[in-house]
Number of protein chains: 2
Amino acid sequence: MAPHTGTASGERRRATIEDVAAAAGVSVATVSRAIRGLPNVAISTRERVSKVADELSYRADPAASRLATGRSQSVGVAVPLLNYWYFSQVVSGAEAVLAAEGYDMIVIGVAGDDARRALLDGATSIHRRVDGLVFVDVPLGDDDTEFLRSRGLAVVTVGNHNAHFPSIGIDDVAVGEIAAEHLLGLGHTRIGIIGGQTGGPLDFPVPDLRRTGYERALRRARIDVDPALEVVGNFSVLGGRDAADSLLATHDRPTAVFAMSDEMAFGALLSAREHGLDVPGEISIVGVDDHDVSVVVGLTTVRQPVADHGARAARLVIEQLTGREVGPTRVERPVELVVRSTTAPLTTARNEVHRPETRSKP
Amino acid sequence: MAPHTGTASGERRRATIEDVAAAAGVSVATVSRAIRGLPNVAISTRERVSKVADELSYRADPAASRLATGRSQSVGVAVPLLNYWYFSQVVSGAEAVLAAEGYDMIVIGVAGDDARRALLDGATSIHRRVDGLVFVDVPLGDDDTEFLRSRGLAVVTVGNHNAHFPSIGIDDVAVGEIAAEHLLGLGHTRIGIIGGQTGGPLDFPVPDLRRTGYERALRRARIDVDPALEVVGNFSVLGGRDAADSLLATHDRPTAVFAMSDEMAFGALLSAREHGLDVPGEISIVGVDDHDVSVVVGLTTVRQPVADHGARAARLVIEQLTGREVGPTRVERPVELVVRSTTAPLTTARNEVHRPETRSKP
DNA sequence: ACCACCTCTGAAAGCGCTTACATGGACGCG
DNA sequence: CGCGTCCATGTAAGCGCTTTCAGAGGTGGT
């Protein structure tokens, strides 16, 4: 059936633009124009070409188009840790709009300093593999920025703000303030805070900002910031648990905890239970994000529209790609306190210190 | 500095293989061979070439390589819903090994019948964009299979089993049996089951298998299977809650519930709480997966190595790509019952029916 | 000294598109 | 009726690699 039979057997050769041209009795240039909807093609020709193309189930080879045009029709999404709820939501949001716009989404894990590698280094360089990139909470150095700009890549950041690229995010200082104020409003004065880590894949400025908000709220309420009440939880459930452990084991433990993510808050919940502390009777806990599961455990949290971050970032990348010059604007999305059942007014009775159950650490 | 200055200003043209060849005083063919480590290149030549390449920070344009070789050095991962814990874990596992092996991972959301579209249809066709594909719980029809084989794509499935491709998964019948037997062993006889949905993006055979295991265990214990105890929860937290709602609202409600995923089990937990039922005092709940958060809520569950599925699938794709002929084998991974605190022996006292709190549905 | 046989290298033909640039005809207008 | 325009189409030059084929030396055996 096909004019050229392909390899030895079976597997028929895919139709190329030449096949279509021959079958439609036009030149390849016309086929190219007709199929991509370019102007200056007679209607009759266009119809004939697309009919033939359909019959041959022709599809332009992306590799060839890429080579010829220099555009890959795909955008990269770089995330530190793909298996964290937050990142998976962002990626999910981005995927939806990228797919809808006909772009491939290639996701790039950039845990640790591989971030650099993925950008600049050898074989792994994203050079020419994507038209644009969204960076989700990955720290960009000056040289990274320079590299990206010199390549003419369309980039958008989520979370982190970078002077040279548009970014999507929330007011992280406000997040800290909202959480702390909620707790302060309930009468708590000793408020623990579980934050990010320094170094490692999750080394980004967000934790600092949220802490700043927390401290600001405390100062405003004329309460001293006690450095002993701050501990890192690396944004995971288990990290949050360990962090809370150290907080709750202290002699003068806090009556409330602000965890900078819901997953860490879950860990804190776990820790509280293991320490035999009633939540919110003996300790209040508030998180950030509004994780799917938060409603299940009744977690009070500061909600942000996570998947939407990804969607907007993707849209912004595409806008840059389709001509519109997008400045290095910062899109700030709203956050919202969602009060559930892990926070309650401080009870006046002084909490006694409980002895934690023994437990083997994983 | 560069022989050809690029566009109008700034942005220097990237070095091509020709630039390297010229600078090293050899032909492009030799550069190609030298850089890719092919044999028959004098050591001195190879060193000179790679030195020059480094200096020019040359990197082969992937589009050009793809066109010339026909290989894209990327594999697609198709998942129904990217924002579900299970899928994000699988993707995460796959990403790690793909990145390590130098492949791009393009993730493709295939909710609903878009699955077909992503495979066969027009602009979205994966034709020539990937060398291989892993399908995570996406149903493959005969024509899909035929399409994939005719294209010579390396494919691996996770979850679903397909006669023509290797697959990674677990013994889902056993999962149902293990869960049910655990509950039966605790004395429960009325065991609700929250399963998948029919139709929609999550229409795959796994729920049937797990139900089969559940029924098998019941029959073995000489307990009739009550169709009224089966309800669908579409694998989400909220779906699980609604499903549990309908189970718990019945006059003769179950004393235990087997949810086919932890997320649905979370929903069931929520529902139980809203119905004022003590877990595990009045109702036992068991899930499947061992979600990150399961430890927090103390959920008893049947654990499977989710991220590992993705890693193994990716590895299998790569093996096919690098020559090794991998048969349509089925790799069955172990599952394990993890007993926590949402399951307990049936109390002899007949549970009274509680009236659910009023609640507005979202 | 001759020949067979390696090893290393280069020339050139693609891979399948896109896109100036050129061309020919139809049409409008003075 | 002649000429300038404009539209539809074709020609061909890339895009930046890979890979076949052939050739130039160099080695070793006889």
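Letters A, B, ... mirror the listed sequences (proteins, then strands); counts begin at 1.
When rounded to the nearest whole Å, the span between CG of A:L38 and P of C:dT19 equals 8 Å. Between B:I43 atom CD1 and C:dC8 atom C1' there is a gap of 12 Å when expressed in whole angstrom units.
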Could you walk me through whether A:V31 and A:V26 pass the side chain to side chain contact (heavy atoms under 4.5 Å, CB included) test, one step at a time?
CA-CA 7 Å; A:V31 173; A:V26 295; 3.7 Å; yes
Run B:V136 and B:Y86 through side chain to side chain contact (heavy atoms under 4.5 Å, CB included) and show every step you take.
CA-CA 10 Å; B:V136 188; B:Y86 177 86; 4.0 Å; yes
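The backbone N or O of A:N83 sits less than 3.5 Å from a side-chain atom of B:Q89, completing a donor-acceptor pair. Between the B:S74 side chain and the B:R129 main chain, a donor and an acceptor come within less than 3.5 Å of each other. Within the 3.5 Å criterion, the main-chain N or O of B:A34 finds a donor-acceptor partner in the side chain of B:R46.
Sequence neighbours left out, the pairs with a member in residues 32-43 of chain B that pass side-chain hydrogen bond (donor to acceptor under 3.5 Å, both in side chains) are B:S32-B:R36.
Comment: A:K51 engages A:E55 in a salt bridge, judged by a side-chain N to carboxylate O separation of less than 4.0 angstrom.
With rounding to the nearest 0.5 angstrom, the CD atom of A:E47 is 7.0 Å from the CD1 atom of A:I43.
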Heavy atoms under 4.0 Å is the rule here; annotate nucleotides 9-18 of chain C 5' to 3' with B where the base is hit, S where only the sugar-phosphate is, and - elsewhere.
BBB--BBBBS
Atom pairs, protein N/O to nucleotides 22-26 of chain C N/O, distance under 3.5 Å:
none

